[in-house]
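Reviewing the structure listed below.
Both ligands and their constituent atoms are indexed starting at 1 by order of listing. In this chain, residues are counted from 1 in sequence order.
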Amino acid sequence: MANAPPNYFELGRKLFARECAFVWAAADAARLPNPIAPEIAFAGRSNVGKSSLLNALTAHKSLAFVSRTPGRTRALNFFALGSAERPELCLVDMPGYGYAAASKALADSWARLACNFLRCRAALMRVMLLIDGRHEAKPSDAETMTLLDRAGVSYQIVLTKKDEVKTKDREARLAATYALIAKHPAAFPEPIFTSSQSGEGIGDLRAAIAKLLSERGQ
Ligand code: GDP
């Protein structure tokens with residue numbers, strides 16, 4: 001008899017129920033840690049809902065709060081999921097980009113840090129690129145997608161704040177996202193629409209990550 005297909009929702013639920021602890025902040029490429037586990041990075045514009053999503057994913061109230069402490073907001077923050085000795089997964093919280101008041105120099109420093117991290121990071125399985133599900137993607141989102149295409153990094157669009165998008169408008173938001181994805185070669189074909197508020201899509205995101213992890217282990 002053939003084996004039953006893995007239940008990635010259940011695997012994802014279990015994975016994200018594990019202990020999650022802050023391990024390291026890297027404000028520049030020289031301070032990047034050696035990988036301790038396969039990595040999933042989270043990127044997006046400031047205010048897209050990244051902290052809320054990380055908290056919802058890990059069912060922690062204040063995990064991403066760590067990323068907000070002074071000196072860490074412009075850093076890559078690494079969180080280990082699983083036991084301290086043998087973590088199963090590392091979540092990498094990338095600094096928010098596209099903040100209106102940020103200077104050009106700051107934007108350049110984001111791109112530099114991101115490029116240095118993304119390039120040749122064999123442990124990095126995928127970047128989850130968060131885009132505000134209420135609006136059209138911003139030019140800085142498209143620029144980031146192009147940067148990821150050029151770096152040859154696999155990434156997946158995660159739309160946020162689904163609870164604030166009327167049911168009748170959701171199809172249009174998804175259609176626009178599929179059209180955007182079609183223009184970007186390194187983008188995973190399926191976006192995930194999430195809400196940290198209502199919990200919609202959080203199980204799908206956990207399942208997508210559990211699937212990646214299990215495929216990597218094969
Ligand atoms: P970050 O800057 O990307 O880390 O964004 P935050 O997680 O701090 O969220 C920015 C704002 O969006 C806050 O006011 C959040 O309460 C709000 N927010 C985040 N996620 C959601 C969501 O799923 N639904 C709604 N309605 N608001 C959200």
Side-chain angles (χ1 to χ4, degrees), residues 12-13 16 20-27 39-79 81 90-103 106-107 109-111 113-114 117-118 126-145 147-148 155-174 176-177 180 191-209:
R13 190 190 64 72
F16 281 91
C20 187
F22 170 76
V23 281
W24 190 259
E39 294 172 341
I40 294 278
F42 294 80
R45 286 171 58 84
S46 305
N47 254 345
V48 70
K50 186 159 53 64
S51 309
S52 307
L53 188 83
L54 283 168
N55 287 339
L57 265 181
T58 57
H60 250 261
K61 290 282 168 285
S62 56
L63 179 95
F65 177 75
V66 176
S67 304
R68 302 228 157 149
T69 53
R72 293 209 182 123
T73 54
R74 311 298 315 163
L76 297 162
N77 291 293
F78 292 76
F79 298 89
L81 209 56
C90 229
L91 307 176
V92 186
D93 184 8
M94 300 182 72
Y97 58 79
Y99 179 50
S103 66
L106 214 64
S109 81
W110 189 92
L113 180 61
F117 168 63
L118 299 165
R126 185 172 289 174
V127 175
M128 297 298 175
L129 180 60
L130 277 52
I131 294 181
D132 195 324
R134 300 171 304 175
H135 316 294
E136 283 280 309
K138 298 277 193 291
S140 57
D141 295 319
E143 281 163 27
T144 303
M145 291 175 79
L147 185 151
L148 294 168
Y155 59 97
Q156 185 164 12
I157 303 297
V158 176
L159 299 173
T160 60
K161 309 190 187 182
K162 185 175 182 179
D163 60 289
E164 288 206 338
V165 184
K166 292 196 181 81
T167 313
K168 68 175 176 59
D169 296 332
R170 289 177 182 172
E171 279 306 312
R173 298 289 351 116
L174 275 171
T177 307
L180 184 65
I192 303 178
F193 213 152
T194 62
S195 165
S196 306
Q197 199 104 311
S198 70
E200 282 172 280
I202 300 298
D204 299 272
L205 183 52
R206 287 185 186 137
I209 294 172

N/O donor-acceptor pair under 3.5 Å between Arg126 side chain and Gln156 backbone: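 Between the backbone of Gln156 and the side chain of Arg126 there is no qualifying donor-acceptor contact (under 3.5 Å).
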
So, taking the atom named [atom1] in [X] and the one named [atom2] in [Y], what distance separates them when rounded to the nearest 0.5 Å?
X	Y	atom1	atom2	answer
Asp93	Leu53	CG	CG	10.0 Å
Leu57	Phe42	CG	CZ	5.0 Å
Thr160	Ile192	OG1	CD1	12.5 Å

Proximity winner for atom 17 (C) of ligand 1, if only heavy atoms of Lys161, Arg134, Lys50 are counted: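 Closest candidate by heavy-atom distance is Lys161.
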
Of the listed options Ser46, Gly96, Ser51, closest to atom 4 (O) of ligand 1 (non-hydrogen atoms):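 The option holding the nearest heavy atom is Ser51.
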
Non-hydrogen atom of Ser195 closer than 4.0 Å to ligand 1: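 Yes.
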
Which atoms from ligand 1 have a heavy atom of [X] less than 4.0 Å away?
X	answer
Ser52	6 (P), 7 (O), 9 (O), 19 (C), 20 (N)
Asp163	22 (C), 23 (O), 24 (N), 25 (C), 26 (N)
Gln197	22 (C), 23 (O), 24 (N), 26 (N)

Min side-chain heavy-atom separation Met145-Ile157 under 4.5 Å: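 The answer is yes, as the side chains (C-beta and beyond) meet within the 4.5 Å cut-off.
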
Ligand 1 versus Glu164: contacting region, heavy-atom distance under 4.0 Å: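 Glu164 to ligand 1: side-chain contact only, backbone stays beyond 4.0 Å.
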
Test side-chain contact (heavy atoms from CB on, under 4.5 Å) applied to His135 and Arg173, step by step: CA-CA 8 Å; His135 316 294; Arg173 298 289 351 116; 5.8 Å; no

